[in-house]
Q: 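One structure follows; several queries about it will come next.
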Amino acid sequence: MLFFAFLGGKQHCIICGKGTYSLPVCRDCRNERFYKNVNASVFYQNRCKICGRPLISTKESCPSCRETAVLKNLDFHLPLFHYRLWNKELLFLWKIEGVRTLSGFFAGLCSQALKKIDVKYIVPVPPRPGKIQKNGWDQIDELCSFLELRYGFCRLNLLERTSNLQQKKLGRKERFLKSELSYCMKNQKELKKELKKCGGDFPEEVCIIDDVCTTGATLEACASILRAQSCIKKIKGLTLFIV
């Protein structure tokens, strides 16, 4: 498996082919293709004002959002990169093959972006029930742990997932229908424990963290639940990739 290959010693960068070790991307490509581009992603103006997708027209929203607005409860969504080429390979290595050295790399990119958009409180999209017990980890859980412990962001586990159904097996319409029923706020006891991190009350602004935005169904479902808490005035979303 690719996971064991990258643990075994010098490999090749999936972008340029140069030798690399613990990460499947060499230092030069990390700097040129990712770290430098985060600033460009944050300040890039020609993007859909609803979902954050880069635009190729002069209109303010993409064709999908003009037809059916998706992210109604999210004030701002920032996707860092396109889900294509080597980005698809990286997500596969991280999420499916379990190359966990990528967790710290992705956290560094997210940290850079979160500082630019001035966010302190992060809310991870929760994993399917039993996923961590079964696999030993969840990529978003680990990403947010890095953001909390290494970069000092305040992680609030406010949501939980109630369904085991994988979104990738569903079509667009099914994703929205199922997502509405797949997430909920944690019980009062757990919420009280989490909110001690921010003085006992919900913060005025939070950012939902996820790995990839395909239709926006997951972000919208989570945002709508958080929006029901009237004291949360602004809800942002940050994803590594957008389809």
Q: More than 12 foreign heavy atoms under 6.0 Å from CZ of R33: is that the case here?
A: no
Q: How long is the span from the NZ atom in K72 to the SG atom in C65, to the nearest 0.5 Å?
A: 11.0 Å
Q: With rounding to the nearest 0.5 angstrom, report the CG to CD distance, N46 to E60.
A: 10.5 Å
Q: Quick check on the hydrophobic clustering: are Y35 and L85 connected, directly or via other members, by side-chain heavy-atom contacts under 4.5 Å?
A: yes
Q: Taking a hydrophobic cluster as the set of Ile, Leu, Val, Met, Phe, Trp and Tyr residues connected by side-chain heavy atoms closer than 4.5 Å, whether directly or through intermediates, do F146 and L149 fall within one such cluster?
A: no
Q: Just checking R84: does its CZ atom have more than 12 heavy atoms from other residues, nucleotides or ligands closer to it than 6.0 angstrom?
A: no
Q: Could you label the plane-to-plane angle of the F241 and Y83 rings as parallel, tilted or perpendicular, counting under 30° as parallel and over 60° as perpendicular?
A: tilted
Q: Using atom types as modelled and distance alone, determine if a side-chain donor or acceptor of D138 lies under 3.5 Å from a backbone N or O of I132.
A: no
Q: What's the separation between atom SG in C154 and atom CD1 in I122, rounded to the nearest 0.5 Å?
A: 8.0 Å
Q: Does the pair E160/K186 count as a salt bridge with the N-to-O cut at 4.0 Å?
A: no
Q: Using residues 188-204 as the side-chain source, report each donor-acceptor pair under 3.5 Å to any protein atom, sequence neighbours left out, with the distance given to one decimal.
A:
| from | atom 1 | to | atom 2 | distance (Å) |
| --- | --- | --- | --- | --- |
| E190 | OE1 | N187 | ND2 | 3.1 |
| E194 | OE1 | N157 | N | 2.8 |
| E194 | OE1 | K197 | NZ | 3.0 |
| K197 | NZ | R155 | O | 2.8 |

Q: When you compare the side chain of F81 with that of L90, does any pair of heavy atoms fall below 4.5 Å?
A: no
Q: Apply salt bridge (Lys or Arg N to Asp or Glu O under 4.0 Å) to K88 and list each qualifying residue two or more places apart in sequence or on a separate chain.
A: none
Q: Is the closest side-chain donor-acceptor distance between H77 and T239 under 3.5 Å?
A: yes
Q: Under a 4.5 Å cut-off applied to non-hydrogen side-chain atoms, are S64 and C51 in contact?
A: no
Q: How many angstroms lie between atom SG of C213 and atom CD1 of I208, to the nearest 0.5 angstrom?
A: 11.0 Å
Q: Going by atom types only, do E142 and S103 share a side-chain donor-acceptor pair under 3.5 Å?
A: yes
Q: Answer yes or no: is there a donor N or O on one side and an acceptor on the other, between the side chain of R161 and the main chain of S182, under 3.5 Å?
A: no
Q: Where is the tightest heavy-atom contact between V206 and L226, given as atom of each residue plus distance?
A: CG2-CD1, 4.0 Å
Q: Under 3.5 Å, is there a donor-acceptor pair between the side chain of K236 and the main chain of I117?
A: yes
Q: Less than 3.5 Å apart, any donor N or O on the side chain of K131 or Q139 sitting next to an acceptor on the other?
A: yes
Q: Please check this pair: side chain of S145 against backbone of D141, looking for a donor-acceptor N/O pair closer than 3.5 Å.
A: yes
Q: Going from CD1 on I14 to CG on L93, what distance comes out if it is rounded to the nearest 0.5 angstrom?
A: 6.0 Å
Q: Please determine whether residues I242 and L240 belong to a single hydrophobic cluster, defined as Ile, Leu, Val, Met, Phe, Trp and Tyr linked transitively by side-chain heavy-atom distances below 4.5 Å.
A: no
Q: Rounded to the nearest 0.5 Å, what's the gap from OH on Y183 to CD1 on I225? Could you check?
A: 9.0 Å
